[in-house]
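Please read the structure below before turning to the comments.
Model, not experiment: these values are computed from the prediction.
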Amino acid sequence: MQKIKNNKCFWLLFFLALFGFSIGTFDNYREMWMAENNLSTVSISHVISISYLVTVLILFYFTIRVSANKLKLGIVVSLVIKMITGTLLICLNDTNSVFWIKFLMFFDIAFTQVIVASIYPLMMNISKDDVLYTKKSFVESLFSKLGFLFVSILLGKTIIHTTINYNICLLLSIIFTFLSFFILITIDIDSKKEKSKFDLKETLKYFNKNTFLYTYLIHNGIGSLIWGAVLGMPMLILTENLSFSSNTASYLILGLGICSNILSMVIVKYSKIKNDYWHMFWKYGVRILLYFLVLITNNLQLFLIMLFYLFITDCTHEFVFSGFFINNIEEKYSLLLTTLKYCSSLIGKAIGTFICGFVFHLEYRLFILPALLISLFHCIIIAKLIKAKKKLQTKEA
């Protein structure tokens with residue numbers, strides 16, 4: 001018991017579990033909450049997109065310039081701001097205060113992303129190893145899904161004369177955020193450990209020498225852009241465009257997400273395919289074929305199959321390919337690359353969600369047209385990256 005009490009990594013993971021659960025209880029219904037408060041799909045996409053871009057700026061400051069003790073303080077402050085904005089949003093529900101809802105939701109989304117992205121840099125001041133990073137990713141993903149499952153079961157039901165709606169989901173999110181806040185402030189992070197000074201000139205020199213890193217980040221950003229262009233607002237797409245109920249849409253997203261996680265583990269363990277072109281074909285090539293079929297036919301069934309395939313291949317194949325680039329970098333630049341990877345994803349999602357808002361009410365073929373066109377360019381980037389990987393493997397041999 002004393003060993004657990006003194007294990008800072010355990011308590012940080014426990015904090016992440018509670019915060020991940022809080023994310024799951026509301027984030028998937030965030031766009032639905034905004035829609036119920038008279039925000040148009042375009043406005044919702046703008047709020048999400050701009051929040052992601054601001055997150056990138058804050059995240060860079062947190063991971064590059066802030067020392068360990070101040071990083072913890074930054075996360076604590078972010079949690080407080082998130083709880084305040086969430087509480088105000090609950091009060092603004094059904095008030096038609098569109099401006100203030102957009103303003104507060106903007107910060108709520110941004111600080112949620114900053115907190116999640118800052119956990120591993122904080123952990124690295126205590127321990128640096130691949131196992132801890134894997135645990136962090138697993139805990140974050142698992143408890144976010146558990147939170148989503150929890151509210152999906154409760155949504156629409158009446159408990160103690162209270163109907164569980166999207167606003168109650170937001171209240172539950174704040175409660176679990178407060179519990180995570182309480183855990184974090186009890187963890188003592190060694191304030192004597194300072195981050196080494198970030199040398200921009202030296203870093204640029206290293207990245208210019210290893211240009212495949214730029215290609216990798218572009219690939220990562222474009223992949224997220226395409227995802228955001230199609231699934232930037234998944235609950236709204238399933239409920240408004242495809243007429244699923246909120247509960248059905250929730251179970252579909254949750255079920256397909258779990259299937260994707262399971263399938264990714266199966267591929268890691270049992271896949272005999274060593275050719276990167278095949279891995280990328282099953283993840284991206286089949287998607288392009290489905291985009292093309294929807295473009296030609298404008299068919300609802302094919303559109304649904306396309307969406308399901310996107311969900312189920314979310315976690316698959318890519319790690320077989322991406323892990324190589326993450327592991328083939330000098331250790332002192334590994335945290336920066338992880339940060340840049342996360343930021344490129346956010347920038348891609350921001351642009352993609354922005355596009356999604358504009359094409360949201362168009363017919364199926366026009367809805368997926370941006371994703372199809374960008375995917376064709378993405379194939380060229382992937383091909384260049386695979387060639388770069390082969391060159392690096394030849395040098396190592």
Side-chain angles (χ1 to χ4, degrees), residues 19-36 41 44-45 47-48 52 109 112-113 116 137-157 164-166 168-170 172-173 176 223-265 283 286-287 290-291 294 300-318 345-346 348-349 352-353 356-357 359-360 364 367-368 371:
F19 188 70
F21 197 90
S22 77
I23 291 174
T25 56
F26 181 67
D27 266 35
N28 293 285
Y29 295 119
R30 188 187 297 277
E31 61 219 48
M32 305 290 287
W33 188 94
M34 287 191 278
E36 281 197 346
T41 51
I44 294 170
S45 69
V47 169
I48 296 171
Y52 285 161
I109 296 171
T112 298
Q113 296 294 327
V116 171
S137 301
F138 175 77
V139 168
E140 179 188 333
S141 176
L142 173 64
F143 281 88
S144 177
K145 287 183 172 66
L146 288 175
F148 189 18
L149 176 62
F150 176 67
V151 293
S152 297
I153 294 170
L154 294 179
L155 194 65
K157 292 182 172 58
I164 307 301
N165 55 24
Y166 303 131
I168 298 297
C169 292
L170 177 54
L172 289 170
S173 177
F176 281 98
S224 296
L225 192 160
I226 297 166
W227 177 270
V230 181
L231 286 169
M233 298 179 287
M235 284 293 294
L236 282 178
I237 289 170
L238 292 174
T239 55
E240 286 196 17
N241 284 3
L242 300 173
S243 301
F244 286 102
S245 69
S246 295
N247 292 89
T248 303
S250 300
Y251 290 131
L252 271 174
I253 293 172
L254 184 62
L256 292 171
I258 292 171
C259 288
S260 182
N261 284 332
I262 293 171
L263 186 58
S264 68
M265 290 187 286
K283 186 172 179 75
V286 174
R287 290 181 182 184
L290 290 171
Y291 296 151
V294 173
L300 171 62
Q301 286 73 29
L302 280 172
F303 184 75
L304 278 171
I305 291 170
M306 179 206 74
L307 290 180
F308 290 173
Y309 192 79
L310 278 169
F311 277 121
I312 208 164
T313 56
D314 181 25
C315 300
T316 62
H317 297 288
E318 180 67 14
S345 291
L346 286 176
K349 284 181 184 177
T353 304
C356 185
V359 300
F360 190 85
Y364 303 133
F367 181 86
I368 58 88

CG on N241 to CZ on F367, rounded to 0.5 Å: 6.5 Å
Quick one: does S250's side chain have a donor or acceptor within less than 3.5 Å of a partner on S246's backbone? yes
Interatomic spacing from SG in C356 to CD in E31 - rounded to 0.5 Å: 8.5 Å
With rounding to the nearest 0.5 angstrom, report the CZ to CD1 distance, F308 to I312. 10.0 Å
Sub-4.5 Å side-chain heavy-atom contact between L307 and L242: yes
Once you round to the nearest 0.5 Å, how far does CZ of F148 lie from CD1 of I23? 13.5 Å
I need the L149 CG to I258 CD1 distance, nearest 0.5 Å. 7.0 Å
May I ask you to decide if the ring planes of F21 and F176 are parallel, tilted or perpendicular, using 30° and 60° as cut-offs? tilted
Can you list the steps and then say if Y291 with L310 is a side chain to side chain contact (heavy atoms under 4.5 Å, CB included)? CA-CA 11 Å; Y291 296 151; L310 278 169; 3.5 Å; yes
So, for F26 and Y166, is the gap between ring centers shorter than 6.0 Å? no
What I want to check is whether the side chains of Y29 and S152 have a donor and an acceptor closer together than 3.5 Å. yes
Value for CZ (F303) from CE (M306), rounded to nearest 0.5 Å, stands at 4.5 Å
Would you find a donor on one side and an acceptor on the other, under 3.5 Å apart, between the side chain of K157 and the backbone of I164? no
Give a yes or no answer on whether the side chain of S260 reaches the backbone of G257 with a donor-acceptor pair at less than 3.5 Å. no
Would you please say whether a donor-acceptor pair under 3.5 Å links the side chains of K145 and S141? yes
